[in-house]
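Both backbone and side-chain heavy atoms feed into the values below; hydrogens, waters and symmetry mates do not. Chain identifiers are assigned alphabetically (A, B, ...) following the order of the sequence lines, protein sequences preceding nucleic acid strands; residue numbering begins at 1 within each chain. Quantities reported herein were computed from a predicted structural model and do not represent experimental measurements.
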Protein chains: 2
Amino acid sequence: MKHGVSPDTFPPRSHEAKRVSVVDAAASVFCREGYAGANIDLISAEAGVSRQTVYNHHGDKENLFVAVVRDLTERCNAGIFATIASFPDQPTDLEADLIAFAVRMNRNCICNRDGRFLRKLIQAEGERYPELFAEWREQGPGRTWSALAARFARLAFAGHLSIGDPDVAARQFLALVNAELQITFMLGGTPTEEEVLRSATNGVRTFLSAFARKKLPAGKQAALVHA
Amino acid sequence: MKHGVSPDTFPPRSHEAKRVSVVDAAASVFCREGYAGANIDLISAEAGVSRQTVYNHHGDKENLFVAVVRDLTERCNAGIFATIASFPDQPTDLEADLIAFAVRMNRNCICNRDGRFLRKLIQAEGERYPELFAEWREQGPGRTWSALAARFARLAFAGHLSIGDPDVAARQFLALVNAELQITFMLGGTPTEEEVLRSATNGVRTFLSAFARKKLPAGKQAALVHA
DNA sequence: ACAAATTTAGACAGCCTTGTCCAATTCGTC
DNA sequence: GACGAATTGGACAAGGCTGTCTAAATTTGT
């Protein structure tokens, strides 16, 4: 009874298959136990591989950790940009299209295994590896936000939205769409499909209430804060 | 050169003063190093106390950890409810009052030492202590949100806001007001006063754009999702 | 100033973990 | 089927950490 690992026997796998198997198991164990609490025996057991193989592939624990984070970062970024590519640039039903986009974003990038693991590792060990996570920060959130901001700017330009600062709008969009999932994330859980949909629906509706093109009641909200 | 500890000598302190000194140091070390990575020698050194004293007061490491979490939970909850008590029930300038409230909330509950530490411990070790964190969850976010929701409902009832579901509005308010601080939180940092103000300002403006009482352009947004 | 309680430093056993080494076995490939 | 590379399991030393114990020093209450 390890944890929730597959059966007790593993089919034979290639050299490269073992490498990814080790990295996957390591990601899981590092997340569950923390860097210091993760031990190589557990990782190798969970990967269905001998301890020596772990050392053969990755040298030492710190090296393995770095490999895990780079791997997760890469996969997460790929998922994020693939999803952003599906942004509704020419919406037919703006609300429905944005909700569907938000659900895709959540399911493919934020709630999935890689997203949850990467977030937890960053929060837990980010301060210990400044250069590693600075790298992530530039390639991940930095590009994500500006890519998303560009899409919202285009929607605004096309007359679908009324936006002051697209960067602010992009961050607020993500914050709103995840507003109801925070505690679940805190405890490392995975929200149900229904929770994701509800949070996205509520978030997008509020977002559109604020940013849908409309006559403003007073001269209010002329421009949002920039500096 | 330990970390950022006071001078190398400590003035004499009472029995009780040592207990809190130990808990404080333990909170800091648990956050920095994780539960498994935290060692009692480091905690006692940081508390300016001998290792044996730590054991005298708290028995063992796990006990100490629980004491730390309970302590942080208690202080955070106190801060949160004190701050919610200052909610602008009869606003003169709704936007300014809500911004000021959001800044207080951030500064006194979310960005301060206790808030950051508690969040990190929950994220890192929450799954390992289900009952402990279930307790926190009920007393903390559970009550926080419904208390805040009640305040927003009152504002809506008084005609200052147009809100569908006060619980959703309360969560979205917090999400919006923190939207720009997420990465800083991720890496365990403390946002500057200026960042807090900017995030609160942008968040409240968007919140009010969505929920300020106004004529709706179309028959849209009749009711927000509940279930 | 005295007695009790607390704190301290240090030593200590027991345990766990990392990382290395090695001989035997299995795997991929020709 | 045979060869070289990869994998395995097991043993191993070195080091770290927890938690206990002690005797001496210090603090606290009276």
Exercise for review: Tell me whether the OP1 or OP2 atom of dT7(D) has a side-chain N or O from His57(A) closer than 4.0 Å.
Suggested key: yes
Study note, to complete from the structure: Among the nucleotides dT20(D), dC22(C), dT7(D), whichever has the atom closest to the side chain of Tyr55(B) is dT20(D)
Point to revise | Euclidean distance, atom CZ of residue Arg19(B) to atom P of dT27(D) [Å, nearest integer] | key: 20 Å
Check your understanding: How long is the line joining CG of Leu64(A) and C1' of dT18(C), in whole Å?
Key -> 13 Å
**Study point:** Asp114(B) with Arg107(B): basic N within carboxylate O range, under 4.0 Å
**Key:** no
Review point. From dG19(C), dT7(C), dT8(D), pick the nucleotide closest to the side chain of Lys18(B)?
Key: dT7(C)
Revision key, fill the gap. To the nearest angstrom, the CD-C1' distance between Glu62(A) and dT17(C) comes to 16 Å
Exercise for review: Pick base, sugar-phosphate or nothing for Ala38(A), based on heavy-atom distances below 4.0 Å to the nucleic acid.
Suggested key: sugar-phosphate
Exercise for review: Please determine if a side-chain N or O atom of Thr53(B) lies less than 4.0 Å away from the OP1 or OP2 oxygen of dT6(C).
Suggested key: no
Point to revise | 5'-most by nearest nucleotide on DNA chain C - Gly37(A) or Gln52(A) | key: Gly37(A)
**Study point:** Arg171(A) and Asp167(A) ion-paired at < 4.0 Å
**Key:** no
Practice item. Using a strict cut-off of less than 4.0 Å between a Lys/Arg side-chain nitrogen and an Asp/Glu carboxylate oxygen, indicate whether Glu74(B) and Arg70(B) qualify as a salt bridge. Key: no
**Study point:** Whole-Å gap separating P (dT18(D)) and CG (Asn39(B))
**Key:** 5 Å
Exercise for review: Evaluate side chain to side chain contact (heavy atoms under 4.5 Å, CB included) for Leu148(A) paired with Phe101(A), printing each intermediate quantity in order.
Suggested key: CA-CA 11 Å; Leu148(A) 199 56; Phe101(A) 172 73; 3.8 Å; yes
Check your understanding: Out of dT18(D), dA11(D), dG19(D), which nucleotide sits closest to the side chain of Arg51(A)?
Key -> dA11(D)
Check your understanding: Which whole-number value in Å describes the distance from Asn56(A) CG to dA5(D) C1'?
Key -> 11 Å
Practice item. Take atom CD of Glu16(A) and atom P of dT7(D), then tell me their distance rounded to the nearest Å. Key: 10 Å
**Study point:** Integer-rounded Å distance: dG10(C) C1' and Ile40(B) CD1
**Key:** 17 Å
Exercise for review: To the nearest Å, give me how far apart NZ (Lys61(A)) and C1' (dC16(C)) are.
Suggested key: 11 Å
Check your understanding: Do Thr83(A) and Ser86(A) have side-chain N/O donor and acceptor atoms under 3.5 Å apart?
Key -> no
